[in-house]
Every structure is written in C-alpha cells, then in structure tokens.
Amino acid sequence: MIISWNTTNHCNMYCDHCYRDSGVKGSSELNTEEGKALIDEIVLAGFKIMIFSGGEPLMREDLFELIAYAKDRGLRPVLGTNGTFITPAVAEKLKRVGTMGVGISLDSLDSHKHDGLRHYDGAWDGAIQGMRNCQSAGLPFQIHTTVMDWNNPELEAITDLAVELGAVAHHFFFLVPTGRAHNIEEESLRAEQYERTLERIMKKQQLVRIELKPTCAPQFMRIAKQMGMNLRFGRGCLAGTSYCIINPNGKVQPCAYLDMEIGNVRETPFSEIWKNSEVFSNLRTLSYGGGCGSCEYHISCGGCRARAAYYHEGDYMAEEPWCLHHGRKGGVAHG
C-alpha cells in the first residue's frame, strides 16, 4: 500500500501539466504537528510506502523532520521532486534522515523542451545534477517522465539516459487532463498511440535491468501478460484500493488526477476516511461500467479511474476512454 502527501503547493516552477496547479504556497497547509499526526494515521491505516511530494517538497522547511518521523514510525519514505534543490549536501541529508528513494522529473532529452514545459530556465540541468548528487550520496533515484504526444518518440532514449546515470527505475506518467493539464488535453495520447506506446515500453523492459513502470496507463498489465511477461505489480490502477493522496490542506482524494474531495484529515482521522469512505468502497468493488466492466482484465488492469471520470462527466466507475482492447470487444475506443 502506497500513499502520497502533497506537502505543499509551493513550487519554484509553473509546469503546464501540473495536476496540483502549484506555484504559490497555500494559506492553510498542514503544519508540522498536523503532518506528524497524519503520518501516525497513515501507519494505523496499514500503509507501507509514503511519498512526500508537492508542489516542490524541498521548499518545505520541516521536510527532513517529517521524513525522519515517517521512517521512525516504520514507513518507507520516498520523495517526488523536480530535482533542482538536490545539492550534494541535501542528498546526503535526505539519505541520513531515512529517505529510501527519490523520483526526479525529466520530460525530454532536449533541455529547451523540458525547461519550456516547466517555465523555468535551468530545470533540465538542475534535474540532471540532482540525479548525479543522489548517485554520489548513495541515494537511490528514478526518473519520472510525463508522456505526451510531443515527447513520446523520446521515451526509450530517456530510459537509456536513466541507465547511464545510474537510476533504479524509469516511471512513465501518462498525461491526465487535471489541474493545469486541462489546458493541454490535446497533447495526451489516444487509444492507438496509447496501446503502441505501452507495447514499446514493455519491449524496452525486456532489454534493460532497471524497472520500467507506466502510471495512469493500467493497460500495461494486460499488455505485459499478452507478451508473456511476469511483472512484480499486482494491479494497474490502484486508486482507492491500495493508494490515495492527501493534498496540502488535508483533503483526501483517490489519486492525484481524480480531483474529488472525499474527506479532510482536519475533520476526520485519515484511518477512518480510508476505511469508511463511500467512494473508496465503490472503487473496491471493481464494478466498472462499459468495456472495463466486461473486460477479462478488469481485475489486473482496472482502467484509469481519473481518465474515466474526466471523459464521463465525473463518473469514476465508467470505462477507460483510451483503451484499444475493450474497444475491440464492443466498448468505445476513441481514436
């Protein structure tokens, strides 16, 4: 079980695809004591891995204290960052307080494209240097790439760079039009390209030793099975079943891209929200509509619940719109 806490809305960048619409620090973000209480509740709910993300989490002054607390409470703390604040000293401190891994965003081999997406000069150079500093400190890191139509041809080459830099994994986040990404919805992949891209990633996995994992593209589980591959993952979409997210102000939602408030940890203990939420209960039935409901891979895949909600007027149990497989079986696959 894995959980993500957007520790702050504060960020030094203003990325076009940001689901959180990050930039300026929020006025009522959870403070240090509330953060520790949240960590206690996360442990009580049975979670094992805790992602500290943002915004840019390294802009939060008490981040190291919170990571250390999570580690002491038995969690496996990891960090999601743009990498630009990871100096050699920061990398050493992250490792010292118990950080088990760092995910650093890199969306293109072209520094101008990466910097342009993030509206920040030097974002690419800072990310690469942050990776090198993690490597020098012995802190495991992985590359995170948001997949869009314009960087799709680069994916295997970015994996090669990940291998060269010593990354332990390369994770691919398929664009979901949430937050500011709503404005670039047309850059997301459609069914045919979506399918072919997942096939390419799985073929690349057969050639490299580091882990390659698509996110918000749960059909990779089906494709891997069809290719005779045995992956360590038990399921594609984890939203509400073994994953959820908490925003800077304590709002709980099923995943980063399914922007619906199902409780607030300032009002109800998180462990109770996780156990009793009607939305979580619905997601755990796996009783999907349309092609996802009739698909033989509905348990291992599940379809992207956030994409289902976006393209079906908020119905998070509807079918995944960009799945070529259920389209062939009589569902709707939009091209």
Do P140 and C134 have side-chain heavy atoms sitting under 4.5 Å apart?
no
Residue pairs meeting ring pair (Phe, Tyr, Trp, His ring centres under 6.0 Å), one or both in residues 63-111, sequence neighbours left out, come to none
Verify, without hydrogens or angle tests, whether E319 (side chain) and P321 (backbone) share a donor-acceptor contact under 3.5 angstrom.
no
Neighbour count >12 (heavy atoms, 6.0 Å) for atom CZ, R132:
no
Within the side chain of R180, is there an N or O that forms a donor-acceptor pair under 3.5 Å with the backbone of S22?
yes
Does a side-chain heavy-atom distance below 4.5 Å link E296 with H325?
yes
Cut-off 3.5 Å, no hydrogens considered: what does the side-chain donor-acceptor table look like for residues 94-101, sequence neighbours left out?
{"from": "K95", "atom 1": "NZ", "to": "G138", "atom 2": "O", "distance (Å)": "3.2"}
{"from": "T99", "atom 1": "OG1", "to": "L94", "atom 2": "O", "distance (Å)": "2.8"}

Tell me whether I3 shares a hydrophobic cluster with W274, the cluster being built from Ile, Leu, Val, Met, Phe, Trp, Tyr side chains joined at under 4.5 Å.
yes
Restricting to non-hydrogen atoms, name the atom on C216 and the atom on V176 that form the minimum distance, rounded to 0.1 Å.
CB-CG2, 3.9 Å
Should L198 and L212 be counted in the same cluster of Ile, Leu, Val, Met, Phe, Trp and Tyr side chains packed under 4.5 Å apart?
yes
If you measure only the distance, is there a donor-acceptor pair under 3.5 Å linking the side chains of S108 and E154?
yes
Taking atom CG of L283 and atom CD of E278, what is their separation to the nearest 0.5 Å?
11.0 Å
Quick test of your reading of the model: are E192 and R196 salt-bridged, counting only N-O distances below 4.0 Å?
yes
Is the number of heavy atoms from other residues, nucleotides or ligands under 6.0 Å of D121 CG greater than 12?
no
Counting only heavy atoms from other residues, nucleotides and ligands, does the tally under 6.0 Å from CG of L207 exceed 12?
yes
Is there a path from I86 to L139 through hydrophobic residues (I, L, V, M, F, W, Y) whose side chains come within less than 4.5 Å of each other?
yes
Do W124 and F141 sit in one hydrophobic cluster, given that two such residues count as connected whenever their side-chain heavy atoms are within less than 4.5 Å of each other, even indirectly?
yes
Should K275 and E272 count as an ion pair when the cut-off is N to O under 4.0 Å?
no
Basic-acidic side-chain contact under 4.0 Å: K36, E65
yes
The reported gap from OG1 in T8 to CE in M59 (rounded to nearest 0.5 angstrom) is 8.0 Å
Salt-bridged, R190 to E185, with N to O below 4.0 Å?
yes
Is a donor from one side chain sitting under 3.5 angstrom from an acceptor on the other, for T197 and N152?
yes
Quick one: do T178 and D259 satisfy side chain to side chain donor-acceptor pair (under 3.5 Å)? Show the steps, please.
CA-CA 7 Å; T178 303; D259 189 15; over 6 Å; no
Taking D107 for its side chain and T146 for its backbone only, find out whether a donor-acceptor pair lies under 3.5 Å.
yes
Verify, without hydrogens or angle tests, whether R20 (side chain) and N247 (backbone) share a donor-acceptor contact under 3.5 angstrom.
no
Linking Ile, Leu, Val, Met, Phe, Trp and Tyr by side-chain heavy atoms under 4.5 Å, what else ends up with L44?
none
Which hydrophobic side chains are connected to Y297, either touching it within the sub-4.5 Å cutoff or through other members that do?
none
Using only atom types and a distance under 3.5 Å, with no angle test, would you say the side chain of N9 pairs donor to acceptor with the backbone of G55?
no
Is there a path of hydrophobic side-chain contacts, each under 4.5 Å between heavy atoms of I, L, V, M, F, W or Y residues, that connects L189 with M148?
no
Check whether any side-chain N or O of N133 sits under 3.5 Å from a backbone N or O of Q129 as a donor-acceptor pair, and report yes or no.
yes
E56 (side chain) donor-acceptor with N82 (main chain) under 3.5 angstrom:
yes
In terms of heavy-atom contacts, C292 and R305 come closest through SG-NH2, 3.6 Å
Answer whether the closest heavy-atom distance between the side chains of C304 and C237 falls below 4.5 Å.
no
Students often mix this up, so state it plainly: with edges at 30° and 60°, are the rings of H119 and Y14 parallel, tilted or perpendicular?
perpendicular
Between T145 (side chain only) and V147 (backbone N and O only), is there a donor and an acceptor less than 3.5 Å apart?
no
So does G240 get a backbone contact from the side chain of R284, meaning a donor-acceptor N/O pair under 3.5 Å?
yes
Report the residues that fulfil side chain to side chain contact (heavy atoms under 4.5 Å, CB included) with V24, sequence neighbours left out, ordered by chain and then residue number.
none
Side chain to side chain donor-acceptor pair (under 3.5 Å) evaluation trace for H171 with T215
CA-CA 7 Å; H171 287 195; T215 295; 4.8 Å; no
Kindly state each residue pair satisfying ring pair (Phe, Tyr, Trp, His ring centres under 6.0 Å) with at least one member in residues 208-266, sequence neighbours excluded.
Y19-Y257, F220-F233
Exceeds 12 heavy-atom contacts within 6.0 angstrom, atom NZ of K71:
no
Looking only at heavy atoms, what is the nearest atom pair of E41 and P269, with distance?
OE1-CB, 3.3 Å
Nearest heavy-atom approach of T7 to R60 is O-NH1, 2.8 Å
Considering non-hydrogen atoms only, spot the tightest contact between L258 and Q253 and give its length.
O-NE2, 3.3 Å
Any idea which heavy atoms bring A45 and F270 closest together, and the distance?
CB-CE2, 3.8 Å
Is the shortest heavy-atom distance from the side chain of L117 to the side chain of N151 under 4.5 Å?
no
Decide if atom CD of E313 counts as having more than 12 heavy atoms of other residues, nucleotides or ligands within a radius under 6.0 Å.
no
Between F174 and W322, is the ring centre distance below 6.0 Å?
no
For K93, look at atom NZ and say whether over 12 heavy atoms of other residues, nucleotides or ligands are found less than 6.0 Å away.
no
OG/S4 to CE/M50 distance, rounded to the nearest 0.5 angstrom?
8.0 Å
Is it the case that more than 12 heavy atoms not belonging to R235 sit under 6.0 Å from its CZ atom?
yes
